[in-house]
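Each remark here refers to the structure printed beneath this line.
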Amino acid sequence: MSSTTPPGLAEALAAGTVVLDGGLSNQLESAGYDLGDELWSARLLAERPEAVTDAHLAYFTAGADVAITASYQATFEGFARRGAGRAEAARLLALSVDLAREAVRRARAAGAARPLWVAASVGPYGAMLADGSEYRGRYGLGVDGLERFHRPRMEVLAAAAPDVLALETVPDAEEAAALLRAVRGLGVPAWLSYTVDGRHTRAGQPLEEAFALAADVDEVVAVGVNCCAPRDVEYAARVAARVTGKPVVVYPNSGETWDAAARAWRGRSTFGADQVRGWLDAGARLVGGCCRVGPEGIASIARAL
């Protein structure tokens with residue numbers, strides 16, 4: 001293995017902790033970009049790709065070890081509504097991985113010597129709908145329909161050779177079952193992270209049942225939660241570790257609440273690096289932030305670790 005090739009993420013998690021990045025959208029918005037669009041940050045893949053690379057680089061500079069790509073809301077269906085055909089949509093999906101790789105190259109050029117990884121984001125079906133339903137689940141499609149939705153873009157993302165697929169912000173165990181079927185045979189490891197409310201998925205399933213789906217899936221290298229309140233992390237991490245025996249991934253929101261109708265965040269931040277020790281004790285090995293957690297928050301986590 002060359003000195004510039006990082007170990008696999010699974011090996012890194014076996015050896016210790018890894019720092020994830022924070023919310024890509026809030027970093028782009030803080031740089032002055034308007035994301036008031038159904039495609040959210042994915043729109044900039046076509047319009048301002050260099051801004052996406054800059055956002056990834058800001059997190060690497062802050063101490064993140066993993067960049068999660070701008071493909072969360074990037075789907076064939078979503079791009080089609082903006083007039084992009086399947087070939088162009090596939091190009092933009094692959095570009096999301098390339099832009100994160102470019103940020104890795106720039107971080108290396110700036111002196112970063114630690115291993116750095118790229119995680120290709122696979123958001124839930126509700127992210128494509130852009131109506132807040134990723135916080136509810138229960139779309140009415142069934143596992144087969146959800147697998148047919150997810151598999152084509154997962155194939156494109158896997159072909160772009162990320163280090164891992166981030167099956168993230170999953171609100172419903174039924175959708176998790178579809179994603180776990182779709183990830184088989186792609187040749188890329190994955191993590192599975194639910195968005196939760198207390199001791200249940202957003203769709204209301206007990207976390208024990210939800211996490212158990214991933215226990216015997218070899219492709220899954222970590223299981224946990226993201227895009228949830230910080231207060232919900234520790235319990236979920238303990239359940240994920242106990243039920244699956246796998247390393248745990250956690251990257252909660254700031255603690256504010258998304259108002260889908262107003263397309264705005266409400267409330268106040270409850271996110272703090274002082275919570276990280278409890279997450280680690282509960283089994284967390286991949287630790288970062290999601291919406292409204294910026295480079296300063298990630299830097300505080302990196303210092304805490």
### Task
Indicate yes or no for a side-chain donor-acceptor contact from Lys246 to the backbone of Ala241 under 3.5 Å, with no hydrogens or angles considered.
no
Residues [X], [Y]: salt bridge by 4.0 Å N-O rule:
X	Y	answer
Arg101	Asp163	yes
Arg242	Glu208	yes
Arg114	Asp65	yes

### Summary
CD (Gln275) and OG1 (Thr270) are apart, to the nearest 0.5 Å, by 6.5 Å
#### Entry: By salt bridge (charged side-chain N to carboxylate O under 4.0 Å, His left out) - contacts of Glu234 (at least two apart)
Arg238
### Query
With Arg86, which residues qualify under salt bridge (charged side-chain N to carboxylate O under 4.0 Å, His left out), at least two apart?
none
Under the side-chain hydrogen bond (donor to acceptor under 3.5 Å, both in side chains) rule, collect the residues that match up with [X], sequence neighbours excluded.
X	answer
Asp54	Arg106
Arg285	none
Thr53	none

### Task
Ignoring hydrogens and angles, state whether a donor on the side chain of Glu168 or Ser121 is under 3.5 Å from an acceptor on the partner side chain.
yes
### Query
Testing Leu180, Val223, Leu179, Val220 for side-chain contact (heavy atoms from CB on, under 4.5 Å) with Leu213, which one passes?
Leu180
### Message
Surrounding CG of Asp218 (heavy atoms of other residues, nucleotides or ligands, distance under 6.0 Å), is the total greater than 12?
### Response
no
### Message
Quick test of your reading: applying salt bridge (charged side-chain N to carboxylate O under 4.0 Å, His left out), list the pairs with at least one residue in residues 144-158, sequence neighbours left out, ordered by first then second residue.
### Response
Asp144-Arg181, Glu147-Arg181, Arg151-Glu155
